[in-house]
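None of the values given here were measured: they were computed from a predicted structure. Here is how names work: the chains are called A, B, and so on, in the same order as the sequence lines, proteins then strands, and each is numbered from 1.
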There are 2 protein chains.
Amino acid sequence: MVQLEKSTELKILEAAKQEFIERGFDGARMQKIAERAGINKALLHYYFRSKENLFKGIFREAFGEFIPKIMATFQSNLPFEEKLKSAINSYIDLFIKNPHLPVFVINEMHRNPSLIPEIILSEGAKPEILLHALAEELKQMKVKHITPVHLIVNILSMCIFPFAASPIITGVLFMNDKIAYQQFIQERKQVVFDFIMNSLKSK
Amino acid sequence: MVQLEKSTELKILEAAKQEFIERGFDGARMQKIAERAGINKALLHYYFRSKENLFKGIFREAFGEFIPKIMATFQSNLPFEEKLKSAINSYIDLFIKNPHLPVFVINEMHRNPSLIPEIILSEGAKPEILLHALAEELKQMKVKHITPVHLIVNILSMCIFPFAASPIITGVLFMNDKIAYQQFIQERKQVVFDFIMNSLKSK
DNA sequence: GTCTATATTGTGATAGAC
DNA sequence: GTCTATCACAATATAGAC
């Protein structure tokens with residue numbers, strides 16, 4: 001028996017994901033989710049009891065995309081430069097495909113900060129391992145003027161912020177030229193990599 | 001005649017600013033604003049006709065804090081390193097005083113992107129002047145591996161993102177130790193400055 | 001499982017007394 | 001100017017037929 005149509009539950013989850021990520025929890029509307037899924041409101045409540053309920057899984061999934069990426073990359077045996085390049089590329093590609101993701105995650109993590117540690121644990125992430133591995137790398141490279149924590153935050157900052165602040169960048173720096181913004185984003189992969197490597201090599 | 005109590009209008013504006021910045025437009029409640037101001041809902045509508053109306057001035061004021069800072073700094077005659085240090089310090093100090101500001105601005109600029117260019121203009125900011133001045137600086141320093149736009153975005157990223165993502169940083173990297181996060185933020189001023197200068201000096 | 005119709009609640013906004 | 005009481009509407013949630 002071949003499943004030709006997506007199950008209703010799956011259709012709802014996909015529609016909800018789009019709506020929540022685009023508008024945030026407060027801005028999302030159950031009516032819109034129903035429309036996007038091609039069903040009606042009542043059915044949403046049949047599958048998931050409440051809006052809050054429907055939301056939780058979505059956030060977990062969206063946020064979960066951030067964690068394994070960076071863990072996997074930095075635990076491999078590649079040389080540091082390759083790890084860095086790979087991490088930057090996969091983050092930026094992820095956000096090119098999902099431009100609203102950064103704002104969504106930033107926003108909702110403030111609405112419900114206690115969710116974060118819970119998700120981290122359930123994703124099996126081990127930040128202390130990551131930090132330790134990075135400390136070893138820096139030691140070998142004889143880099144002494146930055147700590148692993150600050151370095152990670154710098155990497156994430158330069159990858160994520162340009163998407164979170166896209167309206168300012170497009171509107172102010174590129175005078176609403178969206179093509180210029182797209183090109184700018186493409187350049188970021190190389191620019192961020194070079195900027196970080198230059199900083200680490202210096203002194 | 002000495003004004004002992006704040007005017008009602010001022011009390012409302014302060015209360016609204018807090019509520020909007022903490023919860024965003026969709027999450028803010030007129031009832032809560034009234035409570036914070038020590039008055040009732042009806043009076044809000046007497047002074048400001050609508051929620052949208054009350055919001056606009058707040059956003060303009062909050063966002064306006066970003067623009068003049070960076071413009072003023074980079075148009076001075078100080079050497080580049082001093083300008084950079086001054087810009088970084090004043091941004092980070094601003095966010096230490098107003099930790100919710102970055103999330104608020106990021107969030108609302110997506111809810112209403114057309115507001116941004118409007119405010120930029122009314123603040124009298126001239127991005128092209130800033131970019132041109134920065135291009136001159138980089139030329140004199142013989143820096144060729146980064147453009148002014150990417151450099152500005154890098155600076156803003158590393159100053160703003162650590163506040164926007166504070167729950168992740170506190171929860172994941174510091175295992176909910178808020179004192180450790182505070183200290184981390186204090187370190188950022190020096191770390192970001194060094195990181196950027198190192199990158200520019202390299203090669 | 002899926003629908004229409006309706007209940008319930010929350011919230012921005014207004015009327016009118018003082 | 002400030003209040004209480006109420007409206008109007010939107011949005012979540014439920015009842016019940018099919």
Side-chain angles (χ1 to χ4, degrees), chain A residues 1-62 100 104 107-108 110-112 115, chain B residues 1-62 100 104 107-108 110-112 115:
Chain A
M1 210 29 184
V2 181
Q3 192 88 11
L4 282 183
E5 294 197 25
K6 289 172 189 168
S7 73
T8 303
E9 183 169 349
L10 192 60
K11 280 193 292 182
I12 293 176
L13 282 170
E14 284 178 3
K17 187 175 177 181
Q18 283 185 50
E19 175 75 3
F20 278 129
I21 288 180
E22 279 181 30
R23 312 212 187 273
F25 182 82
D26 289 326
R29 294 289 168 256
M30 296 295 268
Q31 178 62 41
K32 289 275 180 191
I33 295 175
E35 284 170 19
R36 285 179 187 238
I39 56 160
N40 64 12
K41 276 191 299 177
L43 213 48
L44 292 181
H45 290 275
Y46 174 79
Y47 279 92
F48 305 85
R49 257 189 1 162
S50 67
K51 184 182 180 182
E52 188 72 36
N53 217 33
L54 182 52
F55 175 79
K56 273 191 183 158
I58 305 287
F59 182 74
R60 184 178 301 273
E61 189 190 336
H100 294 279
F104 172 70
N107 207 26
E108 299 305 327
H110 279 82
R111 222 181 53 89
N112 192 350
L115 256 183
Chain B
M1 208 34 181
V2 182
Q3 192 89 8
L4 282 183
E5 292 196 26
K6 291 172 189 166
S7 74
T8 302
E9 184 169 348
L10 192 60
K11 280 193 292 182
I12 292 176
L13 281 170
E14 285 177 2
K17 187 174 177 180
Q18 282 186 52
E19 175 74 4
F20 279 128
I21 288 181
E22 279 179 29
R23 311 212 188 274
F25 182 82
D26 289 328
R29 294 292 168 255
M30 295 296 268
Q31 179 63 39
K32 290 277 182 190
I33 295 175
E35 285 168 19
R36 285 179 185 235
I39 55 159
N40 64 15
K41 274 195 300 177
L43 212 49
L44 293 181
H45 291 276
Y46 174 79
Y47 278 92
F48 304 86
R49 261 192 356 173
S50 68
K51 185 182 180 182
E52 189 71 36
N53 216 33
L54 184 50
F55 174 80
K56 272 193 183 156
I58 305 289
F59 183 75
R60 185 178 299 273
E61 188 190 336
H100 294 278
F104 171 71
N107 209 27
E108 299 304 328
H110 278 82
R111 218 181 55 89
N112 192 350
L115 254 184

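When the P atom of D:dT4 is taken as reference, atom NE2 of B:H45 falls 15 Å away, rounded to whole Å. Following rounding to the nearest Å, B:K51 (NZ) and C:dT14 (P) show an atom-to-atom distance of 15 Å. Put simply, CG on B:L54 is 16 Å from P on C:dT11, counting in whole angstrom units. Atom OH of A:Y46 and atom P of D:dC18 are 18 Å apart (whole Å). With rounding to whole Å, B:D26 atom CG is found 12 Å from C:dT11 atom P. Straight-line distance from the CG atom of A:L43 to the P atom of D:dC18: 18 Å, rounded to whole Å. Between A:E35 atom CD and D:dA11 atom P there is a gap of 11 Å when expressed in whole angstrom units. Taking atom CD of residue B:Q31 and atom P of nucleotide C:dG10, one finds them 12 Å apart after rounding to whole Å.
The backbone N or O of A:Y47 sits nowhere less than 3.5 Å from a side-chain atom of A:E9 that would complete a donor-acceptor pair. Looking only at distances, no side-chain donor or acceptor of B:E19 sits under 3.5 Å from a matching main-chain atom of B:M30. No donor-acceptor distance shorter than 3.5 angstrom exists from the side chain of B:K56 to the backbone of B:L115, with no hydrogens or angles considered.
The phosphate of C:dG1 (OP1 or OP2) has no side-chain N or O of A:T8 nearer than 4.0 angstrom. At the phosphate of C:dG12, OP1 or OP2 sits under 4.0 Å from a side-chain N or O atom of B:R29. Residue A:N40 places no side-chain N or O under 4.0 Å from the OP1 or OP2 atom of C:dT2. Regarding contacts with the backbone of D:dT12, every side-chain N or O of A:S50 stays at 4.0 angstrom or more from both OP1 and OP2.
Residues B:E22 and B:R36 are paired through a salt bridge, judged by an N-O separation under 4.0 Å between the basic side chain and the carboxylate.
For A:Q18 and A:E14, the side-chain atoms include no donor-acceptor pair closer than 3.5 Å.
Among the protein residues, B:A34 comes within range of no part of the nucleic acid, since none of its heavy atoms lies under 4.0 Å from any strand. At a threshold of 4.0 angstrom between heavy atoms, the contacts of A:L44 with the nucleic acid are absent.
Each of B:K41 and B:G38 was assigned the nucleotide of DNA chain D with the nearest heavy atom; the assignment lying further toward the 5' end belongs to B:G38.
In this structure, the nucleotide among C:dC3, C:dT14, D:dG1 sitting nearest to the side chain of A:A42 is C:dC3.
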